[in-house]
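Structure record follows, encoded as structure tokens.
By convention in this document, chain letters (A, B, ...) are assigned in the order of the sequence lines, proteins followed by strands, and residues within each chain are numbered from 1.
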2 protein chains.
Amino acid sequence: MTIDQASSTLLDSIRDLGYRVTGTRRQVALAMERRSEGFSAEEISSDLPQVGRATVYRALKLFQNAGVICKLALPNGAPRYAIATGGRHHHHSVCVRCGTVTEFRDSTVERVVRTLSTEIEGEMVGHRIEFFVTCPACLSAVALPKSQIN
Amino acid sequence: MTIDQASSTLLDSIRDLGYRVTGTRRQVALAMERRSEGFSAEEISSDLPQVGRATVYRALKLFQNAGVICKLALPNGAPRYAIATGGRHHHHSVCVRCGTVTEFRDSTVERVVRTLSTEIEGEMVGHRIEFFVTCPACLSAVALPKSQIN
DNA sequence: GTTGCTGCAAATCCTTTGCAAGGTT
DNA sequence: AACCTTGCAAAGGATTTGCAGCAAC
């Protein structure tokens with residue numbers, strides 16, 4: 001895929017907000033798509049050495065405001081980003097070992113959130129729900145060394 | 001309450017872990033209790049100008065490891081701490097306006113988490129669930145100015 | 001042509017670390 | 001006495017900002 005046809009959804013999202021679609025933003029969009037498992041600002045920045053670090057941060061914030069990428073956090077608070085694939089509301093699980101992000105939707109979660117918003121004092125304005133896992137790939141990666149000992 | 005009798009639970013928790021109960025840690029414990037609605041490292045630090053900033057951070061980490069305070073995060077990622085009142089597993093709601101933290105427990109949430117841990121790929125090792133609200137006090141605070149206009 | 005975008009470097013913000021001096025058991 | 005803690009200052013890491021030049025519409 002060429003840089004021109006790539007990331008149409010991502011680029012459209014900022015175009016729709018009235019921002020310009022520039023070569024740099026195309027590159028950032030493409031870099032994000034190449035790291036579909038999730039990424040940090042630092043990773044995108046090092047994928048694009050020709051793009052200024054500050055510009056990467058500015059672009060990430062832009063895409064985030066446009067709602068096409070989500071910013072989440074590892075247990076230690078380190079930020080991690082992921083492209084939002086569905087348009088709908090969803091949550092994520094993050095592998096604490098490799099940082100891979102998986103999107104999931106669960107109607108039960110939504111129902112609980114709705115119920116709680118009536119039970120918790122004040123006006124609910126948002127929530128953060130993240131699950132931390134060791135993903136299948138990392139599980140087998142740690143399992144191998146053990147089996148090698150035996 | 002004097003500094004000697006204060007914070008027995010907080011101080012016991014680190015004593016039980018084999019750490020020393022020092023005057024400085026007593027002060028930090030007391031400062032945390034005075035801000036029972038929730039606090040930032042910066043707030044505790046400015047409450048105790050005579051205590052080094054680094055020491056405050058070290059103490060917070062200590063209490064956190066002891067499980068008597070919880071570290072959560074505002075929507076923007078800014079860390080916020082709160083004393084854990086129950087011993088049991090729980091979650092928090094945070095006022096996005098004043099930072100007040102409220103602890104709550106909901107068996108439905110726990111049940112959903114348990115169910116999801118079987119549905120989500122990989123081995124679940126933890127989760128983060130926070131609700132963002134505008135608390136009753138802040139709701140009335142913003143309501144007043146409007147009424148004053150009319 | 002306007003106005004927005006970019007890169008660079010400097011500035012911030014928050015948190016951690018090294019180390020010598022002092023406190024606790 | 002032995003070892004843990006503290007404060008200070010410096011180091012770190014991540015993200016933001018000022019600004020002059022360049023690019024998109």
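Under 4.0 angstrom from either OP1 or OP2 of D:dT5 there lies no side-chain N or O belonging to B:T24. Distances shown here put a side-chain N or O of A:R25 below 4.0 Å from the OP1 or OP2 atom of C:dT6. An OP1 or OP2 oxygen of C:dT6 is reached within less than 4.0 angstrom by a side-chain nitrogen or oxygen of A:T22. Note on A:K61: a side-chain N or O is less than 4.0 Å away from OP1 or OP2 of D:dT16.
Side-chain contact check for B:H91 and B:H127: at least one donor-acceptor pair (N or O, by modelled atom type) lies under 3.5 Å.
As rounded to whole Å, 13 Å separates atom P of C:dC14 from atom CZ of B:R80. Atom OH of B:Y57 and atom P of C:dC14 are 7 Å apart (whole Å). Look at CG on A:L17: it is 15 Å from C1' on C:dG4, rounded to the nearest Å. If you take CD of A:Q50 and P of C:dG7, they are 8 Å apart, rounded to a whole angstrom. The interatomic distance linking B:N76 (CG) with D:dT16 (P) rounds to 10 Å, in whole Å. For the pair B:R53 CZ and D:dG12 C1', the interatomic distance rounds to 16 Å; values are reported in whole Å. Rounding to whole angstrom units, CD1 of residue B:I44 and P of D:dT6 are separated by 15 Å. Summarising the geometry, the separation between CZ on B:R20 and P on C:dT24 is reported as 9 Å, rounded to the nearest angstrom.
With rounding to the nearest 0.5 angstrom, the CD1 atom of A:I44 is 12.0 Å from the CZ atom of A:R53.
Looking at B:D47 and B:R35, their side chains come closer than 4.5 Å, going by heavy atoms from C-beta outward. A 4.5 Å side-chain heavy-atom check between B:R15 and B:R20 finds every atom pair outside the cut-off.
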Exercise for the section: With salt bridge (Lys or Arg N to Asp or Glu O under 4.0 Å) as the test, would you mind laying out the steps for B:R114 and B:E119 before giving the verdict? Expected result: CA-CA 9 Å; B:R114 220 172 306 127; B:E119 294 177 356; over 6 Å; no
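Residue-level contact check: A:T55 touches the bases, meaning some heavy atom is under 4.0 Å from a base atom.
Not a single donor-acceptor pair, N or O on each side, falls under 3.5 Å between the base of C:dC5 and the side chain of A:R58.
Sequence order on DNA chain C of the closest nucleotides to B:A54 and A:V51 puts A:V51 first from the 5' end.
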